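Residue numbering restarts at 1 for every chain, and letters A, B, ... go by the order of the sequence lines. Being a predicted model, the structure only gives us computed values, none of them experimental.
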2 protein chains.
Amino acid sequence: MSRLTRPCPAFDAALAGLAANAGLGADEVERLRPLCDRLEMWTAGAQIEAPRRTDRFRLITSGWIYEARLLPDGRRQIFGYVLPGDLICSRHGARAAPSVLLALTRVEGVDVPAALAVAPDGRRTPLGDAMAHAVEKQELRGYDALLRLGKYSAAERLAHLVIELRDRLCRVGLASREAFRAPLTQEHIADTLGLSVIHVNRVLRTFRSCRLLTIKFGMVTLLQPEKLERLAAGVAASSAPGGGGPGASAP
Amino acid sequence: MSRLTRPCPAFDAALAGLAANAGLGADEVERLRPLCDRLEMWTAGAQIEAPRRTDRFRLITSGWIYEARLLPDGRRQIFGYVLPGDLICSRHGARAAPSVLLALTRVEGVDVPAALAVAPDGRRTPLGDAMAHAVEKQELRGYDALLRLGKYSAAERLAHLVIELRDRLCRVGLASREAFRAPLTQEHIADTLGLSVIHVNRVLRTFRSCRLLTIKFGMVTLLQPEKLERLAAGVAASSAPGGGGPGASAP
DNA sequence: CGCGATTTTGAGCCATGTCAATCGGAGTGG
DNA sequence: CCACTCCGATTGACATGGCTCAAAATCGCG
């Protein structure tokens, strides 16, 4: 709702991210650069509307967004996150109000004009293809989320989410292999993973005492990335060494 | 894999279903009818490939399909079902092997030629629009599934699934308000709802003793449709009368 | 320095999972 | 027609993961 126009920030990173996400050539990316003075901004907590037309996209250049359904009784299910380098397309805001997009932090982004995605003859440009590809990738993440909720234990779900976020942020240069910052409360995590806040806290404590993972002041630190990756893959972690073998469950 | 060409079966019902699902005019539907002699068939258990091209669709005219990811250790998560009148598009079989489509029964369907979905000038025909719309509807169901797994109790999940299937089958004339047949084992249901087979059985027993729902010989009977609908909507069922108040949990 | 939001902890309970066994129907072969 | 087998449904006993309630500890902030 609250839109301002501001000068360029992490625009380059977002472009690089889009390129990485969608497999774009450097020359294609350059054609987007002029857009950076049309930057839009939303404040934390604002609801973000999806573009109406199917052929339009909104590229997020900085900030975190979550996609959720809000239940009448105040509960909510978070379906996923939109990060810098990701695209918002009409699908997100579609009819039947399946979900809303809410800014978790201050968010900046640009609308990519239809002309850049669809050539005059009605065919898609390489950029359009790349964006469609990026959108498809986002859809695939839905399957992962379903698997996470349907088959994973609490510890596995948490590991899976952390690894997903790290990998995505990594591609945009916002994470290293073992750390990134995330503006998430434990309540967000709980609403994403289908767990209670209290149980999320407990799993975090376990991870901390295992020296697996810590979250402090919005900074997520992966102390043993490989082990977390294995957990996230649903590989029944057997050998629980060192710390004292609290860790995961045995499926 | 096993494809045969056979004469027309429930082709009309599938067309009517597509029309209902996608909001198609009767005249548009008629243009599909000539396809009915290109019918393809798969045997139960066969894997169904998605069309490769984005603009092609495969219309299912009879039979049940489930979409799942198979885990290396033999477990599986069922993401959803494809029913008569539904479409399979390239998205389903996309790269990264997110899921496979497996025939639960004998399945029949037709490939809709690209020419019917996309006009020579590259724009979508009304039929193409309708099919895209139907596909979008299928995507929306993904959100419902996520909510079901993330926020619902076992009883609510079961009710939600039953209502979803009833409503979809109803639109194709394969269900009445209080009964339909479904080729699902309790294991399929469990893998869909993220529960153990045994617990599915327990919930079914509870429903049976509540006179809410029975499943016998593949026939699903909704004894109290309204109550089930309320349960499926996640409305914390309060008044548990009659039977003795076993029913649902209190969130 | 007090307040609201968030994190942490503890105690106890219930829903759900696991293990083990029985039962019933549908084929199948003799 | 019967014995056998396989698969799915059913049941019981038991273990436990995850939830609820309640309260303290911390943090961010005006």
Side-chain angles (χ1 to χ4, degrees), chain A residues 44-45 73-75 77 104-105 148-159 181-209 213-220 231 234 236-237 240 245-251, chain B residues 44-45 73-77 104-105 148-159 181-209 213-221 231 234 236-237 240 245-251:
Chain A
D73 57 1
R75 293 181 305 169
Q77 174 68 36
L104 212 46
T105 63
R148 180 162 68 198
L149 289 177
K151 280 279 175 297
Y152 282 14
S153 71
E156 289 169 334
R157 291 183 208 183
L158 183 55
R181 49 183 30 264
L184 301 176
T185 68
Q186 295 185 2
E187 191 173 4
H188 291 123
I189 299 176
D191 285 344
T192 308
L193 301 182
L195 300 168
S196 69
V197 187
I198 296 181
H199 201 246
V200 166
N201 184 291
R202 262 197 291 262
V203 176
L204 280 174
R205 191 210 316 183
T206 308
F207 279 7
R208 208 182 310 140
S209 76
L213 170 83
T214 63
I215 302 185
K216 198 78 180 179
F217 301 124
M219 176 62 71
V220 180
L231 243 189
S249 60
Chain B
D73 56 0
R75 293 182 304 170
R76 74 178 166 197
Q77 174 68 35
L104 211 45
T105 64
R148 179 162 69 197
L149 289 178
K151 281 278 175 298
Y152 281 14
S153 73
E156 289 168 334
R157 292 183 208 183
L158 183 55
R181 48 183 32 261
L184 300 176
T185 69
Q186 295 184 2
E187 190 172 4
H188 291 123
I189 299 177
D191 285 344
T192 308
L193 301 182
L195 300 168
S196 68
V197 187
I198 296 181
H199 201 247
V200 167
N201 185 291
R202 260 198 293 258
V203 175
L204 280 174
R205 191 207 317 183
T206 308
F207 279 7
R208 208 182 311 140
S209 75
L213 170 83
T214 63
I215 302 185
K216 199 77 179 180
F217 301 124
M219 176 63 70
V220 180
T221 310
L231 242 189
S249 60

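Residues passing the ring-ring contact (aromatic ring centres under 6.0 Å, His included) test with A/H199: none are found, sequence neighbours excluded. Listed by chain and residue number, A/L158, A/L161, A/L184, A/L193, A/V200, A/I215 satisfy the side-chain contact (heavy atoms from CB on, under 4.5 Å) test with A/I189 (two or more places apart in sequence, or in another chain). For B/T185, the side-chain hydrogen bond (donor to acceptor under 3.5 Å, both in side chains) criterion is met by B/H188, not counting sequence neighbours. Residues satisfying the side-chain hydrogen bond (donor to acceptor under 3.5 Å, both in side chains) test with A/R157, not counting sequence neighbours, are none. With sequence neighbours left out, B/R76 forms a side-chain hydrogen bond (donor to acceptor under 3.5 Å, both in side chains) with B/Y66, B/D191. Scanning for side-chain contact (heavy atoms from CB on, under 4.5 Å) contacts around A/A159 gives A/L228, A/L231, A/A232, with sequence neighbours left out.
The distance from atom OH of B/Y152 to atom P of D/dG18 is 21 Å, rounded to the nearest whole Å. With rounding to whole Å, B/L158 atom CG is found 16 Å from C/dA15 atom P. Here C/dT16 presents its P atom at 7 Å from CG of B/L195, a figure rounded to the nearest Å. Between B/R75 atom CZ and C/dT18 atom P there is a gap of 9 Å when expressed in whole angstrom units. In this structure, A/D191 places its CG atom 14 Å from C1' of C/dT6, rounding to the nearest Å. One atom, CD1 of A/I189, and another, C1' of C/dT7, lie 12 Å apart when rounded to the nearest Å. What separates NE2 of A/H199 from C1' of C/dC13 is a distance of 14 Å, to the nearest Å.
Between A/L213 and A/L204 there is a side-chain heavy-atom pair separated by less than 4.5 Å. A/T192 is listed as a side-chain neighbour of A/R148, based on a closest heavy-atom distance under 4.5 Å.
As judged by a 4.0 angstrom heavy-atom cut-off over every strand, A/G194 is placed among residues touching the sugar-phosphate backbone only.
Pairs passing the salt bridge (Lys or Arg N to Asp or Glu O under 4.0 Å) check and including a residue from residues 195-209 of chain A, sequence neighbours excluded, do not occur.
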Show the distances under 3.5 angstrom between N or O atoms of the protein and N or O atoms of nucleotides 23-26 of chain C.
none

What N/O pairs connect the protein and nucleotides 6-12 of chain D at under 3.5 Å? Give each pair on its own line.
from	atom 1	to	atom 2	distance (Å)
D/dA9	OP1	B/Q186	N	3.2
D/dA9	OP2	B/Q186	N	3.1
D/dT10	OP2	B/Q186	NE2	2.6
D/dT10	OP2	B/N201	ND2	3.2
D/dT11	OP2	B/R205	NE	3.3

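Where the helix from C/dC1-D/dG30 to C/dG30-D/dC1 starts and where it ends, the local axes point in directions that differ by 40°; five pairs per end, rounded to 10°.
The shortest non-hydrogen separation linking A/S196 to A/A190 is C-CB, 3.8 Å. Across every non-hydrogen atom of A/V203 and A/A154, the tightest pair is CG2-CB, 4.0 Å.
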